[in-house]
Amino acid sequence: MDLFNSALGRNISFIRPAYFILSGFIGFPYMKYYYVFLFFVYIVSVLGNTAVMAVIYLDHNLRTPKYVAVFNLAFSDLLGSTALLPKVLDTFLFNHYYISYNDCLAFLFFCFCFISMQALNLVALSYDRLMAIMFPLHYQTKVTNRLMLSLIAFFWLLSVIATLTGAGLLTRLSFCRSVVIDSFFCDHALIYSLACNDNFPSIVIGFFLPVLILWFPFVIILFSYLCIGYTLSKVASVQERLKAFKTCTAHLSVVGIYFIPSIIIFGINLEMHQNARIISLSLTSIIPPMLNPIIYVLQTQEIKVSMKKILKRKKSIIMVK
């Protein structure tokens, strides 16, 4: 990040605090119960996403472009939950409110990077569904494992570069007033608002990042489903329409769970009380990673069949022993 520490080619000394303070809830008497709830959500998220990845890895029939993207979604969900929740629980359950400057930037980077990847991965899944319904006879040639892996790699690179730029620009800021971050994690906007020098580049990237990780993926997914709806409207049989649309229900459910609360919260974020903002942001960050594997297990026939095969195999092995 030292690359960002010069402004217009001039060496400038920046005032960096030794630490930041995460304030968390204000006057919330039962906050520790909430963090215990987050702990159980984290456990369910880890178990669910690990199970989905294991099933896809063990079943060779699931090594298709669609399940390459589902595997990556579970992987990014797992990383996102692990980047956020253990640190949050350590901070507020064990009263470790102080976080060093470098640790705070690293915390910010990993949280935003994995959250960004969750949204971008839903774009990859929408592309898979679009090709499967619009070009069913040519699907296997248009959507290959190599193409899906390339698309996912591009999204990872985009997520890393965008988040690294946002974190890097924060190193150009001087903090000579408060070091208290009124949130439960190192929130980008709340950090640059504490700066006492020119924070305009961070304001710009703070506007750009939500567009990149929220609005851009949402618009692409919405457009893809408009195309899917138009394609299905030309199908004569209602039964065929429902059968084709059923293959999209899991993805649509995940999209709704991820984007609808995020859009609402970001729309009213500045008008919310600190406690309400923390609850809404934390639930928006952790509930989708917990529900995604449950949705894909319950609504995807291939995964259900695969899980039954694996369980039967293990049961037969136990009986033989």
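The chain is numbered in sequence order, starting from 1.
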Report task. For S285 and I115, run side-chain contact (heavy atoms from CB on, under 4.5 Å): C-alpha distance rounded to whole Å, both residues' side-chain angles, the deciding distance at 0.1 Å, then the answer. Result -> CA-CA 8 Å; S285 301; I115 288 173; 4.2 Å; yes

Report task. Go through the steps for S183 and L22 under the test side-chain contact (heavy atoms from CB on, under 4.5 Å), then give the verdict. Result -> CA-CA 6 Å; S183 186; L22 298 174; 5.7 Å; no

**Report entry** Test side-chain hydrogen bond (donor to acceptor under 3.5 Å, both in side chains) applied to Y101 and D103, step by step
**Finding:** CA-CA 6 Å; Y101 176 86; D103 287 349; over 6 Å; no

Query - side-chain hydrogen bond (donor to acceptor under 3.5 Å, both in side chains) assessment of Q274 paired with S23 - result: CA-CA 10 Å; Q274 180 174 327; S23 65; 3.0 Å; yes

Query raised in the report: Can you list the steps and then say if T64 with M148 is a side-chain contact (heavy atoms from CB on, under 4.5 Å)?
Result: CA-CA 9 Å; T64 61; M148 184 60 72; over 6 Å; no

Report task. Given side-chain contact (heavy atoms from CB on, under 4.5 Å), test L130 with Y225 step by step and report yes or no. Result -> CA-CA 7 Å; L130 179 66; Y225 274 100; over 6 Å; no

**Report entry** Candidate pair F14 and F175, rule ring pair (Phe, Tyr, Trp, His ring centres under 6.0 Å), full reasoning
**Finding:** CA-CA 8 Å; F14 300 107; F175 300 89; 9.8 Å; no

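A pairwise comparison of heavy atoms in L214 and F259 identifies O-CE2, 3.3 Å as the closest pair. Residues S193 and R177 approach most closely at O-NH2, 4.4 Å, considering heavy atoms. Summarising the geometry of K66 relative to Y139, their closest heavy-atom pair is N-OH, 4.2 Å, with the distance given to 0.1 Å. Looking at every heavy atom in both residues, L212 comes nearest to P217 through O-CD, 3.0 Å. Nearest approach of F114 to G80, heavy atoms of both residues: CB-CA, 3.6 Å. Listed here is the closest heavy atom pair of D187 and L108: C-CD1, 4.1 Å.
T50 places no side-chain N or O within donor-acceptor distance of the main-chain N or O of L47, the cut-off being under 3.5 Å. Judged by distance alone, with hydrogens and angles left aside, the side-chain atoms of N197 form a donor-acceptor pair with the main-chain N or O of R172 at under 3.5 Å. Between the N292 side chain and the P288 main chain, a donor and an acceptor come within less than 3.5 Å of each other. Distance alone, capped at 3.5 Å, is enough to place a donor-acceptor pair between the S116 side chain and the F112 backbone. The backbone N or O of V297 lies less than 3.5 Å from no partner atom in the side chain of T300, so there is not a single donor-acceptor pair. A side-chain donor-acceptor contact under 3.5 Å links R16 to the backbone of T171. In this structure, the side chain of R129 does not engage the main chain of A124 through any donor-acceptor pair within 3.5 Å.
R277 is listed as a side-chain neighbour of L190, based on a closest heavy-atom distance under 4.5 Å. With a 4.5 Å cut-off on side-chain heavy atoms, H188 and T163 do not count as touching. With contacts defined as side-chain heavy-atom distances shorter than 4.5 Å, the pair C104/I191 qualifies. Counting only heavy atoms from C-beta outward, the side chains of V255 and H251 approach each other to under 4.5 Å. Residues L93 and K32 meet the side-chain proximity criterion, which asks for heavy atoms closer than 4.5 Å. No side-chain heavy atom of P201 sits under 4.5 Å from any side-chain heavy atom of Y192. Residues D182 and I278 have side chains not in contact (no heavy-atom distance under 4.5 Å, counting atoms from C-beta outward).
The aromatic ring centres of F184 and F25 sit 6.0 Å or more apart.
The distance from the CG atom of L120 to the OG atom of S76 is 9.5 Å, given to the nearest 0.5 Å. A distance of 4.5 Å separates CD1 in I228 from CD1 in I133, rounded to the nearest 0.5 Å. Atom CZ of F107 is separated from atom CG of N102 by 15.0 Å, given to the nearest 0.5 angstrom. Rounding to the nearest 0.5 Å places CG of D128 at 11.0 Å from OG of S224. The structure places NZ of K309 at 13.0 Å from CG of L58, a figure rounded to the nearest 0.5 Å. Taking CZ of F185 as the reference point, atom CD1 of I99 lies at 11.0 Å (rounded to 0.5 Å).
Legend: residues meeting side chain to side chain donor-acceptor pair (under 3.5 Å) with S306, ordered by chain and number and at least two apart, are D59. In terms of the side chain to side chain donor-acceptor pair (under 3.5 Å) criterion, D198 has no residue partners (sequence neighbours excluded).
S81 and D77 form no side-chain donor-acceptor contact under 3.5 Å, judged by distance and modelled atom types alone. Between the side chains of T82 and Y42, at least one donor N or O lies within less than 3.5 Å of an accepting N or O.
Relative orientation of the F37 and Y34 rings is tilted, given thresholds of 30° and 60° on the angle between their planes. The aromatic rings of F92 and Y35 lie parallel to each other, with less than 30° between the two planes, well short of the 60° mark. The aromatic rings of Y30 and Y33 sit tilted relative to each other, their planes meeting at an angle between 30° and 60°.
Sulfur-to-sulfur, C186 and C111 sit at least 2.5 Å apart at their SG atoms.
I161 belongs to a hydrophobic cluster whose other members, connected by ILVMFWY side-chain contacts under 4.5 Å either directly or through intermediates, are L157.
V123 and I263 end up in the same hydrophobic cluster when Ile, Leu, Val, Met, Phe, Trp and Tyr side chains are linked at under 4.5 Å.
Under the side chain to side chain contact (heavy atoms under 4.5 Å, CB included) test applied with M307, the options I303, I310, V305 reduce to a single match, I303.
A 6.0 Å sphere centred on NZ of K243 holds no more than 12 heavy atoms belonging to other residues, nucleotides or ligands.
A cation-pi geometry, defined here as NZ or CZ lying under 6.0 Å from the six-membered ring centre and within 45° of its normal, holds between R63 and Y57.
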